[in-house]
Number of protein chains: 2
Amino acid sequence: MAKRTQEQAEETRRAIIAAARHLFATEGYAATSIAKIVADAGATKGALFHHFASKESLFLEVWNTIQLEMDAETRAAAEAGRSPSDPYAAFLAGTRVYFKWASKEEYQRIALVDGRAVMGLERWQERDDRLGRSNVEGGVRHLARKGLIKERNVVALSIMLLNALNGAGFALTRNDPGITADSLFEAFEELLRGLR
Amino acid sequence: MAKRTQEQAEETRRAIIAAARHLFATEGYAATSIAKIVADAGATKGALFHHFASKESLFLEVWNTIQLEMDAETRAAAEAGRSPSDPYAAFLAGTRVYFKWASKEEYQRIALVDGRAVMGLERWQERDDRLGRSNVEGGVRHLARKGLIKERNVVALSIMLLNALNGAGFALTRNDPGITADSLFEAFEELLRGLR
DNA sequence: AGTTTTACATACCACTGGTATGTAAATTAA
DNA sequence: TTAATTTACATACCAGTGGTATGTAAAACT
């Protein structure tokens with residue numbers, strides 16, 4: 001068998017992405033070889049390099065997919081959580097969901113750890129900004145308009161709050177007795193509401 | 001020339017570490033080959049593998065060194081900044097210095113980006129806790145004793161604040177017009193003082 | 001029906017981190 | 001002082017890596 005239908009090609013492509021995503025999440029980018037990926041996907045190196053320019057670009061595709069999944073879910077939660085009485089409600093609802101993502105090993109490995117190292121600082125930042133950071137900034141800006149946060153430091157505060165959330169996700173993986181999802185969320189809420 | 005004096009051996013060891021540190025900081029861990037390290041250090045692979053068990057353990061030594069340098073400097077600054085009138089003073093003084101570190105490319109690449117990827121989540125966390133996190137926790141605990149922070153969430157808040165600082169460091173490298181060292185520091189101070 | 005393009009498969013390549021072996025000088029023991 | 005041992009490399013080598021070049025047969029288009 002040599003050539004496939006377009007549909008069949010799409011399927012091998014998806015199989016490769018699925019295998020790569022699983023390996024990247026469980027073993028990490030560096031420890032995942034292309035040979036292993038294609039073996040798991042039931043394909044060959046030729047197929048992989050036909051569909052993807054490099055191991056790195058395959059990783060980027062996986063990274064993008066995960067980020068978009070996360071983005072869609074948090075936005076939806078924020079939208080659903082909006083309340084006319086509590087201006088914090090939408091932000092905190094989105095936060096709760098992002099928080100769940102940041103505590104998943106897959107998200108940590110791919111989005112928070114290896115992503116930075118693979119892409120390098122610059123590319124990671126510009127890509128990261130388009131998603132997580134812009135969402136947080138939206139929430140902070142909303143609170144600023146309501147007079148609950150100083151207008152001047154919106155950007156700086158957004159950066160810090162997003163990173164606080166990421167760190168909280170990391171912390172959750174260790175079964176440290178002092179750290180629970182609730183205590184972290186509560187602490188974040190304190191941080192947010194403390195800003196006047 | 002075959003065998004060297006102990007002093008000479010120490011020197012080649014230092015040369016290798018220095019070359020590795022520079023390359024790791026400028027090119028990143030993955031893009032730095034052992035061949036390049038020993039070429040820059042004026043040594044051979046044999047020498048490197050005599051002094052270090054692996055590329056990874058060489059990286060760990062560099063990582064450790066940098067973390068200890070940072071730790072010493074921030075602790076000293078916090079100590080020097082202590083004030084009987086302002087309970088926040090010591091913490092903020094230490095913060096200011098850590099902040100300077102987190103904005104250095106060398107620290108970002110080695111300590112904040114590649115370190116996580118190279119060590120993996122678990123090892124990175126347990127090592128990271130012993131330094132940065134424990135310092136922040138000390139500061140937070142001090143404020144909690146003074147009644148300025150809820151005693152209950154000390155650990156959770158420490159994690160978030162440390163990560164907020166790291167993120168601020170990242171943000172500084174991009175020459176984004178909205179972000180300055182001062183605005184970030186000010187935002188952090190707001191965050192901290194907002195906790196009651 | 002013929003031409004072109006697609007979707008692979010295979011063989012190959014330079015380079016990687018790491019190892020095994022050799023060796024001469026420094027250090028230690030007798 | 002000398003003999004035995006250990007140290008500090010240097011060199012040659014190896015399996016595995018990401019990536020490329022080439023081939024090919026069927027699908028898609030003209």
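Below, chains carry the letters A, B, ... as their sequence lines are ordered, and counting in each starts from 1. Please read all numbers here as calculations on a predicted model, not as lab measurements. Atoms considered below: every heavy atom in the structure, side chains included; atoms not considered: hydrogens, waters and symmetry mates.
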Rounded off to whole Å, could you give me the NE2-to-C1' distance for the B:His50 and D:dT11 pair? 16 Å

Report yes if some heavy atom in the side chain of A:Leu92 is under 4.5 Å from a heavy atom in the side chain of A:Arg193; otherwise report no. yes

What pairs with B:Phe24 under ring-ring contact (aromatic ring centres under 6.0 Å, His included), at least two apart in sequence or on another chain? B:Tyr29, B:Phe59

Judged by atom type as modelled, is there a donor-acceptor pair below 3.5 Å linking the side chain of B:Ser83 to the main-chain atoms of B:Ser85? yes

D:dT7 P sits how many Å from B:Gln8 CD, rounded? 17 Å

If the condition is side-chain contact (heavy atoms from CB on, under 4.5 Å), which residues does A:Ala90 pass it with, not counting sequence neighbours? A:Arg82

Grab the CD-P distance between A:Glu27 and D:dT17 for me, whole Å please. 12 Å

Could you tell me how far apart A:Phe52 (CZ) and D:dG19 (C1') are, to the nearest whole angstrom? 16 Å

Whole-Å distance, A:Gln6 CD to C:dT5 P, equals 15 Å

Any heavy-atom pair between the side chains of B:Phe170 and B:Val113 that's under 4.5 Å? yes

Taking atom types as modelled, is there a side-chain donor on A:Asn163 or B:Asn166 under 3.5 Å from an acceptor on the other? no

First encountered from the 5' end of DNA chain D, between A:Ser33 and A:Glu7: A:Ser33

Considering only heavy atoms from C-beta outward, does the side chain of B:Lys100 approach that of B:Glu73 to under 4.5 Å? yes

Could you give the CG-to-P distance, from A:Leu58 to D:dG18, as a whole number of Å? 11 Å

What pairs of nitrogen or oxygen atoms, one from the protein and one from nucleotides 18-21 of chain C, lie under 3.5 Å apart?
from: C:dG18; atom 1: OP2; to: B:Lys55; atom 2: N; distance (Å): 2.8
from: C:dG18; atom 1: N7; to: B:Lys45; atom 2: NZ; distance (Å): 3.2
from: C:dG18; atom 1: O6; to: B:Lys45; atom 2: NZ; distance (Å): 2.1

What one should report as the nearest heavy-atom pair of A:Ala156 and B:Leu184 is CB-CD2, 3.6 Å

For B:Asp114 and A:Ala117, which heavy atoms make the closest approach, and how far apart are they? OD1-CB, 3.7 Å

Is any side-chain heavy atom of B:Leu161 closer than 4.5 Å to a side-chain heavy atom of B:Thr95? no

May I ask you to list the residues of residues 9-19 of chain B, by number, that have any heavy atom positioned under 4.0 Å from an atom of DNA chain D? B:Ala9, B:Thr12

Kindly write out the residues that satisfy ring-ring contact (aromatic ring centres under 6.0 Å, His included) with A:Phe49, not counting sequence neighbours, or none if the list is empty. none

Each base of DNA chain C marked ( ) or [ ] if paired in-strand (Watson-Crick or G-U under 3.5 Å), | if paired to another strand and . if unpaired gives ||||||||||||||||||||||||||||||

